[in-house]
Amino acid sequence: DVKVTQSSRYLVKRTGEKVFLECVQDMDHENMFWYRQDPGLGLRLIYFSYDVKMKEKGDIPEGYSVSREKKERFSLILESASTNQTSMYLCASSLSGVWGGMNTEAFFGQGTRLTVV
Amino acid sequence: GENVEQHPSTLSVQEGDSAVIKCTYSDSASNYFPWYKQELGKRPQLIIDIRSNVGEKKDQRIAVTLNKTAKHFSLHITETQPEDSAVYFCAAIGTNAGKSTFGDGTTLTVKP
């Protein structure tokens, strides 16, 4: 059973703080993703990574950075948290189709609800 | 890049009726189309998917159809039950390392 685990379920941070959201998957997936979920806006991609140390910007990367030093771990960093980054953050992983295989479903973590005050 | 539009944003049906959710995509290179169900307070989970070499796929009360020419695909739920109430997301994935573009979601409410 695939497991994607996010380090925190709820976080409250102050404006200007540096925030780390951690995500770990145990199925040796190449792809890992960070999404932000807001009411009425669906799932918006912040960053994704298709291999260790590789990263690509998604649709809303401003104010965020990521780190993928190990295959199983993908971290989202808010360099200086702002109130407009209050949201639900979802991590996901999937097998990669880029190396000749087929694209497959994404497995999601349980989400981190971040509140910036 | 890929753009996915999903309609309707909300859908309310009576128990036992059918529900249909439609999505259109823009990138003709997209080749994989999953549907996810997200119950309140839970993570999205795959319920059905279809690849571009297939026109229709069915799994019990759930079916998905794909029209590659028109670039749209639909989720069909028959004999709806209250436990089908959730937010449903469609997605389209092309060749770029499995990057999914999601629709904005449909909130389905099944009234007993």
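Please read these numbers as outputs of a predicted model, since none were measured by experiment. Chain identifiers are assigned alphabetically (A, B, ...) following the order of the sequence lines, protein sequences preceding nucleic acid strands; residue numbering begins at 1 within each chain.
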Side chain to side chain contact (heavy atoms under 4.5 Å, CB included) assessment of A:Asp51 paired with A:Glu30: CA-CA 5 Å; A:Asp51 203 351; A:Glu30 295 89 357; 5.9 Å; no
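- Within the 4.5 angstrom heavy-atom criterion, no atom of B:Gln45 approaches chain A.
- When heavy atoms are compared at a cutoff of 4.5 Å, A:Leu90 approaches chain B solely by way of its side chain, counted from C-beta outward.
- With A:Thr112 contributing its side chain and A:Arg9 its backbone, the two residues share no donor-acceptor pair below 3.5 Å.
- When heavy atoms are compared at a cutoff of 4.5 Å, B:Pro34 does not approach chain A at all.
- Taking 4.5 Å as the limit, some side-chain heavy atom of B:Lys68 sits within range of a side-chain heavy atom of B:Tyr25.
- The CD atom of A:Glu62 sits 10.5 Å away from the CD1 atom of A:Ile46 when rounded to the nearest 0.5 Å.
- Contacts from residues 101-112 of chain B to chain A, taken as heavy-atom pairs separated by less than 4.5 Å, involve B:Phe102, B:Gly103, B:Asp104 in sequence order.
- For the atom pair CH2 (B:Trp35) and CD1 (B:Ile77), the distance works out to 9.0 Å, reported to the nearest 0.5 Å.
- Using a 4.0 Å cut-off between a side-chain N of Lys or Arg and a carboxylate O of Asp or Glu, B:Lys57 and B:Asp49 qualify as a salt bridge.
- Taking OG of A:Ser67 as the start and CD1 of A:Ile77 as the end, the distance is 5.5 Å to the nearest 0.5 Å.
- A:Asp38 and A:Arg36 are joined by a salt bridge, as a carboxylate oxygen and a charged side-chain nitrogen come within less than 4.0 angstrom of each other.
- Heavy-atom pairs under 4.5 Å with chain A peak, among B:Tyr32, B:Tyr36, B:Phe89, at B:Tyr32.
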